[in-house]
> 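Pasting a structure below so you can have a look.
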Amino acid sequence: MAFSRITKHPQQLCKTISPINPNSVSIRNLSTDPEDFTGTINYFISIFTKQPFCPDSPELKSLAPMLNPRVVEYVLNSFKSWRIAYSFFNWASNQYGYKHNIYTYNAMASILSHARENAPLRALSSAILNSRCSMTPGALGFFIRCLGSVGLADEANVLFDQVKMMGLCMPNSYSYNCLLEAISRSKCRSTSVILVETRLQEMRNQGWEFDKYTLTPVLQVYCNAGKFNEALGVFNKICDRGWVDEHILSILVLCFSKCSEVDKAFELIEKMEDQNVRLNEKTFCILIHGFVKLSRVDKALQLFDKMQKYGFTPDLALFDVLIGGLCKSNELEKALSLYAQMKLFKILPDVGIFTKLISSFSEEGELTYVLDKIHEDMDLEGLTMLCNSCLNSLVNSGLIDKAHCLLQGMMGKAYGDNVELHKLFQDKKVFAPNTASFAIVIKALVPAGKLDLALSLFQDMAQIGCSRNLVIYNNLIDGLCKSDRLEESYEILREMKESGIEPTQFTHNAMFGCLCRRGDASGALDLVKKMRIHGHEPWIKHYTFLVRKMCKNGKATQACKFLADMVQEGFLPDIIAYSASLSGLIEIQEVDQALKLFRDICARGHCPDVVAYNILISGLFKTQRITEAHTIFEEMVMKGLVPSVVTYNLLIDGWCKSGCIDEALHCLSRMSANEREPNVITYTTLIGGLCNAGRPDDAVMLWTEMRRRGCTPNRVAFMAFIHGLCQCGRPNAALVHLREMEDNEMEPDSFIYVALVSAFLADVKLPLAFEVLKEMVDKGKFPDLLDKNYIIVRDAILKLSKDARTSSSVRSLISNGSIPSITL
DNA sequence: GTAGGGTTAG
């Protein structure tokens with residue numbers, strides 16, 4: 001109110017003229033004394049606070065001639081709402097014969113800046129210029145500060161220059177100080193520095209002296225912009241002149257803290273202490289929080305002591321941040337001593353502090369140590385809260401059994417031979433677990449595979465009269481369903497409904513998933529019908545699994561029917577679910593059915609992806625429909641889908657199988673061109689194909705190439721290569737790779753041994769053939785009676801038994817029963 | 001307290 005000429009608060013003024021019932025005020029009662037405005041003021045107030053306000057009312061019209069700036073200033077300051085003040089202000093602006101002066105503008109500006117209404121404040125700033133309202137340097141300063149306090153630094157600068165230019169005001173050093181302050185509050189840090197430096201130069205040129213209020217915003221601006229040296233320069237000037245106060249000290253110290261200069265900040269605080277300049281309480285708090293954030297709990301604690309010496313009382317938030325910091329740096333003892341200090345201040349710790357203390361223990365023993373220190377003088381509810389923090393902490397550290405023991409102890413049950421817990425419970429404190437306690441432990445037990453323990457806790461809840469919540473029900477039902485204990489989950493569901501808790505989508509989907517895993521299509525469908533009534537959507541992943549399962553059992557047709565039923569129920573499967581059924585149809589040779597389904601899906605607006613196309617391409621190749629396979633591939637590319645490695649692998653396999661090995665190799669180069677990295681399946685297919693085509697040298701080269709490119713052969717790759725080499729009459733090379741395979745601890749199938757035996761026989765290397773045969777026998781890889789290789793082995797044995805070099809060894813194998821007696 | 005299921009080589 002420095003530049004409001006009316007020093008008496010309007011509210012007080014109103015009191016002195018009451019009791020006047022505003023509603024009974026009438027224009028006839030208004031005083032004719034030119035200095036007595038009280039009646040007019042009350043009349044305006046009554047009209048503008050009466051709803052609805054009508055600017056054209058005859059009442060107001062008749063009042064307009066009574067307007068003058070003093071009345072307006074009074075009235076403005078009497079309104080509680082900025083909106084009403086603003087509408088009165090605007091109404092007054094439009095009245096014939098009335099003109100605002102700088103004091104009414106300032107009154108309005110002050111109201112708007114307190115309400116942080118920037119838009120009307122901006123408009124006010126232009127209105128001052130438009131009305132060519134003249135003002136004193138002090139009044140200008142007042143308005144500038146209103147703009148500055150809401151961050152309108154640009155507007156302040158413009159106004160400042162304009163009033164000077166238009167000759168409305170001659171700013172003095174006070175006006176400049178106000179402008180500097182407005183700039184220092186601006187968010188735009190880099191321009192603030194330039195602006196402040198320019199204005200300082202202007203002041204110098206005009207011969208204005210700098211004082212404390214000049215330099216303080218300058219210091220602020222340099223601090224905000226992180227200009228350390230400049231800030232220190234200004235601070236030293238302030239110091240030299242003995243102007244340092246707590247506000248100035250705070251600016252610099254907070255700046256140090258923001259720049260992580262904890263030690264510098266602390267030094268400064270101590271230096272200023274010597275000169276009797278102290279921080280205020282708010283700065284202490286900000287610094288302590290900042291120091292802890294910078295992991296400087298040591299200095300934070302020193303500040304904490306200092307602020308207490310100055311007589312400030314720390315609050316819960318300070319204790320919280322300090323205890324948190326100490327726990328984080330594992331200074332448990334110090335944390336506990338702060339905790340003890342809290343009690344002296346009679347500040348009640350909250351869950352946050354308990355949790356910090358309890359989660360900080362690194363060894364199990366420390367937990368009960370902490371508990372022991374903090375559980376005295378707590379009420380029952382506090383103890384439960386404390387224990388729940390413990391339970392959470394234990395569970396989060398994976399100590400689920402310990403959590404279970406603690407919960408048992410809380411219920412007054414046996415909790416095993418845990419010494420630490422014994423210490424806790426021996427002083428006969430009463431503990432009472434609540435719903436949350438059980439929820440924490442049950443939620444942890446279920447995924448840990450301790451479902452029955454969780455179920456027995458669930459029963460305990462009923463016994464001690466503790467209510468169950470949705471999460472508990474859902475977790476148990478989910479656990480039971482995942483263990484295929486669907487029937488029990490129905491029992492829990494019944495209890496759930498009885499206790500008034502409705503199953504959610506999650507509940508139903510747990511059960512739906514179980515039915516799907518069981519392959520129970522009709523059960524699943526029944527449940528879906530129920531879910532539809534509840535508005536719950538069955539999760540597609542579950543019924544995709546069901547479709548897969550049915551297909552594996554050769555029930556692809558039924559799987560398709562199931563999907564059709566789902567559509568009937570209003571749940572549309574996605575392309576993945578359909579793909580599962582497509583591949584099922586193909587497995588049972590129903591390629592045409594698959595093609596039809598594929599077309600139907602497309603017609604219904606689904607966009608088949610590369611995987612769906614791969615399934616079809618694979619099916620067509622498998623049934624020798626080579627041309628169609630390529631047509632479908634072309635269609636896929638035409639649609640803009642990018643062939644995957646699998647697609648290329650399928651094409652390569654197709655070419656190999658139809659004897660076009662060069663086309664297959666061409667595919668390999670297309671892959672690299674299209675940035676599709678060939679994988680072990682690509683190479684295996686090609687290596688097999690090359691051997692089949694009688695090109696073992698190329699196969700060997702590709703094998704080397706594969707390894708050179710960092711693709712490690714797996715068991716299938718080894719077997720394809722060994723088998724291929726044998727086919728090409730290269731059993732020696734094949735044997736080398738068999739050894740390598742064994743070195744890599746991969747077990748070949750029996751057909752590999754058979755291939756080697758046959759190849760050695762063909763090469764008339766009978767002793768080597770026998771060696772492999774014996775190895776096969778020793779490894780228990782003798783082909784099954786129904787295996788087509790059985791005949792081959794039988795013939796091989798026959799040959800070996802007829803040769804002088806191997807016959808006796810063969811006979812001894814037969815006689816000791818290693819080879820089943822063969823009817824030769 | 002809320003997603004991941006479908007395709008290829010011997």
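Protein chains get the first letters and strands the later ones, always in sequence-line order, with residue 1 at the start of each. From a predicted model like this one, the values you see are computed outputs, not experimental measurements.
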> Separation of A/Trp655 atom CH2 from B/dT8 atom C1', in whole Å?
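Atom CH2 in A/Trp655 sits about 17 Å away from atom C1' in B/dT8.
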
> Select one nucleotide: of B/dT8, B/dG10, B/dG6, the one nearest the side-chain heavy atoms of A/Asp749.
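Nearest to the side chain of A/Asp749 among the choices is B/dG10.
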
> Tell me whether the OP1 or OP2 atom of B/dT7 has a side-chain N or O from A/Arg548 closer than 4.0 Å.
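True: A/Arg548 side-chain N/O within range (under 4.0 Å) of B/dT7 OP1/OP2.
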
> Ignoring hydrogens and angles, answer whether the base of B/dG1 and the side-chain atoms of A/Asn475 contain a donor-acceptor pair closer than 3.5 Å.
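Checked by distance alone, the answer is no.
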
> Measuring from the side chain of A/Asn649 (C-beta onward, heavy atoms only), which nucleotide among B/dT8, B/dT7, B/dG1 has the closest atom?
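Ranking B/dT8, B/dT7, B/dG1 by closest atom to the A/Asn649 side chain puts B/dT8 first.
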
> Does B/dG6 have its OP1 or OP2 closer than 4.0 Å to a side-chain nitrogen or oxygen of A/Lys541?
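No, because none of the side-chain N or O atoms of A/Lys541 sits under 4.0 Å from OP1 or OP2 of B/dG6.
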
> Please tell me which of the listed nucleotides, B/dG6, B/dG1, B/dA3, lies nearest to the side chain of A/Trp539?
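Nearest to the side-chain atoms of A/Trp539, counting from C-beta on, is B/dA3.
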
> How long is the line joining OH of A/Tyr578 and P of B/dT7, in whole Å?
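These atoms are roughly 17 Å apart.
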
> What is the separation between atom CG on A/Leu641 and atom C1' on B/dT7, rounded to the nearest whole Å?
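About 14 Å, once rounded to whole Å.
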
> When you measure from the side chain of A/Asn509 to the backbone of A/Phe512, do you find a donor-acceptor pair of N or O atoms at a distance under 3.5 Å?
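No, A/Asn509 side chain to A/Phe512 backbone: no donor-acceptor pair under 3.5 Å.
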
> In whole angstrom, give the distance that lies between atom CD of A/Glu587 and atom P of B/dG6.
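It works out to 12 Å between those atoms.
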
> Give the rounded distance in Å between these two atoms: CE of A/Met706 and P of B/dA9.
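Those two atoms, CE and P, are 17 Å apart.
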
> Mark yes or no for a side-chain to base donor-acceptor pair under 3.5 Å between A/Asp574 and B/dG6, with no hydrogen or angle criteria applied.
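For A/Asp574, whose side chain was compared with the base of B/dG6, there is no donor-acceptor pair (under 3.5 Å).
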
> Answer yes if the side chains of A/Thr682 and A/Asn679 hold a donor-acceptor pair under 3.5 Å, and no otherwise.
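Yes.
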
> Which nucleotide sits closest to the side chain of A/His723: B/dT8, B/dG1, B/dG10?
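That would be B/dG10.
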
> Ignoring the backbone of A/Met719, work out which of B/dA9, B/dG10, B/dG6 is nearest its side chain.
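Closest nucleotide among those given: B/dG10.
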
> So for A/Asn509 and B/dA3, does any side-chain atom that can act as donor or acceptor lie under 3.5 Å from a complementary atom in the base?
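For A/Asn509, whose side chain was compared with the base of B/dA3, there is no donor-acceptor pair (under 3.5 Å).
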
> How is A/Leu650 classified with respect to the nucleic acid when contacts are heavy atoms under 4.0 Å: base, sugar-phosphate, or nothing?
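Touches sugar-phosphate only.
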
> Base, sugar-phosphate, or nothing for A/Thr684, non-hydrogen atoms under 4.0 angstrom?
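Result for A/Thr684 = base.
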
> Whole angstroms only, please: what is the CG-P distance between A/Leu582 and B/dG6?
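Rounding to the nearest Å, CG of A/Leu582 and P of B/dG6 are 14 Å apart.
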
> Is there a donor-acceptor contact under 3.5 Å from the side chain of A/Asp763 to the main chain of A/Ala759?
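Pair absent, no side-chain N/O of A/Asp763 close to backbone of A/Ala759.
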
> Taking only the side-chain heavy atoms of A/Ile615 (C-beta and beyond), determine which of B/dT7, B/dT8, B/dA9 contains the nearest atom.
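Within the option list, the nearest is B/dT7.
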
> Mind calculating the distance between CE (A/Met636) and P (B/dT7) to the nearest angstrom?
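Those two atoms, CE and P, are 16 Å apart.
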
> Is the shortest side-chain N to carboxylate O distance from A/Arg468 to A/Glu498 below 4.0 Å?
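Judged by the 4.0 Å cut-off on N to carboxylate O distance, A/Arg468 and A/Glu498 do not form a salt bridge.
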
> Roughly, in whole Å, what's the span from OH in A/Tyr473 to C1' in B/dG1?
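Spelled out: OH on A/Tyr473 to C1' on B/dG1 is 18 Å.
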
> Is A/Asn474 touching bases, backbone alone, or none of the nucleic acid, heavy atoms closer than 4.0 Å?
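Base: the residue A/Asn474, judged by heavy atoms under 4.0 Å, touches a nucleobase.
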
> At under 4.0 Å between heavy atoms, what does A/Asn469 touch on the DNA or RNA strands: base, sugar-phosphate, or nothing?
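Nothing, no nucleic acid heavy atom in range.
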
> Report which part of the nucleic acid A/Ile617 touches: base, sugar-phosphate, or nothing (heavy-atom distance under 4.0 Å, all strands).
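Here A/Ile617 touches no strand at all.
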
> Classify the ring geometry between A/Phe621 and A/His630 as parallel (under 30°), tilted (30 to 60°) or perpendicular (over 60°).
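The rings of A/Phe621 and A/His630 stand perpendicular, inter-plane angle above 60°.
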
> Starting the side chain at C-beta, find the nucleotide from B/dG5, B/dT7, B/dG10 nearest to A/Val646.
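Output: B/dT7.
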
> Any sub-3.5 Å donor-acceptor pair from A/Ser658's side-chain atoms to A/Cys660's backbone N or O?
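Checking the backbone N and O of A/Cys660 against the side chain of A/Ser658, no donor-acceptor pair under 3.5 Å is found.
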
> Do A/Asn649 and A/Asn614 have side-chain atoms, one donor and one acceptor, less than 3.5 Å apart?
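No, A/Asn614 and A/Asn649 have no side-chain donor paired with an acceptor closer than 3.5 Å.
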
> Checking contacts here: which listed nucleotide (B/dT8, B/dG5, B/dG6) is nearest the side-chain heavy atoms of A/Ala580?
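Between B/dT8, B/dG5, B/dG6, the one nearest the side chain of A/Ala580 would be B/dG6.
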
> OP1 or OP2 of B/dG6 less than 4.0 angstrom from a side-chain nitrogen or oxygen of A/Lys549, does that happen here?
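The answer is no; no side-chain N or O of A/Lys549 sits under 4.0 Å from OP1 or OP2.
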
